[in-house]
Amino acid sequence: WQGTLADYLEHRQCLQGLFLMMDCRHPLKDNDRQMLEWAAHIGLPVHILLTKADKLKKGPAKSSLLGVRKTINQISADFSVQLFSSLKKTGIEEAHARLDEWFEL
């Protein structure tokens with residue numbers, strides 16, 4: 001799968017960016033960091049959805065967001081991050097706005 005995914009992401013002409021989902025309680029696992037480093041290497045923008053934001057209180061959720069933001073800003077200025085909860089419908093508008101930006105809608 002690694003080769004197929006790499007080929008797709010590197011050569012797909014219409015690809016404007018990558019949404020990467022991470023559990024906000026356990027962000028930036030080794031695979032996440034590897035994907036971010038690789039995306040930075042090929043110049044692909046990444047928007048991170050810190051999922052399950054409803055599982056944390058506001059303070060710890062904000063702390064997770066700020067920690068991830070600090071880390072990704074060191075990797076690439078083309079990366080962004082937000083809190084997201086499908087259960088509470090939190091962050092949907094912000095995610096749509098990022099897609100609109102990428103597709104210039």
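All values reported here derive from a predicted model rather than from experimental measurement.
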Considering only distance and modelled atom types, tabulate donor-acceptor pairs under 3.5 Å from the side chains of residues 60-75, sequence neighbours left out.
| from | atom 1 | to | atom 2 | distance (Å) |
| --- | --- | --- | --- | --- |
| Ser64 | OG | Cys24 | O | 2.8 |
| Thr71 | OG1 | Gly67 | O | 3.1 |
| Asn73 | ND2 | Arg69 | O | 3.2 |

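- Take Glu101 and apply the salt bridge (Lys or Arg N to Asp or Glu O under 4.0 Å) test, not counting sequence neighbours, and it matches Arg98.
- Put simply, the side chain of Gln82 does not reach to within 4.5 Å of the side chain of Ile48, judged on heavy atoms.
- Annotation: the span from Leu50 atom CG to Thr90 atom OG1 amounts to 12.5 Å, rounded to 0.5 Å.
- Of all non-hydrogen atoms in Leu44 and Gly17, the two that sit nearest each other are CD1-CA, 3.8 Å.
- Here CD of Glu93 is found 11.0 Å from CG of Asp100. Values are rounded to the nearest 0.5 Å.
- Evaluation of the side-chain hydrogen bond (donor to acceptor under 3.5 Å, both in side chains) rule for Asp30 yields no partner, not counting sequence neighbours.
- Residues passing the side-chain hydrogen bond (donor to acceptor under 3.5 Å, both in side chains) test with Asp23, sequence neighbours excluded: Arg25.
- The line from CG of Leu49 to CG of Leu20 is 8.5 Å long, rounded to the nearest 0.5 Å.
- Residues forming a side chain to side chain contact (heavy atoms under 4.5 Å, CB included) with Ile92 (at least two apart in sequence, or on another chain): Phe84, Lys89, His96.
- Partners of Asp54 under the side chain to side chain contact (heavy atoms under 4.5 Å, CB included) rule, at least two apart in sequence or in another chain, are Ser85, Leu87, Lys88.
- What you find for Leu28 and Asp32 is that their closest heavy atoms are N-OD2, 3.4 Å.
- In this structure, Asp78 and Val46 have side chains that are not in contact, with every pair of non-hydrogen atoms separated by 4.5 Å or more.
- Counting only residues at least two apart or on different chains, the ring pair (Phe, Tyr, Trp, His ring centres under 6.0 Å) pairs with a member in residues 18-67 are Phe19-His47, Phe19-Trp102.
- Partners of Phe103 under the side chain to side chain contact (heavy atoms under 4.5 Å, CB included) rule, at least two apart in sequence or in another chain, are Gln16, Leu99, Leu105.
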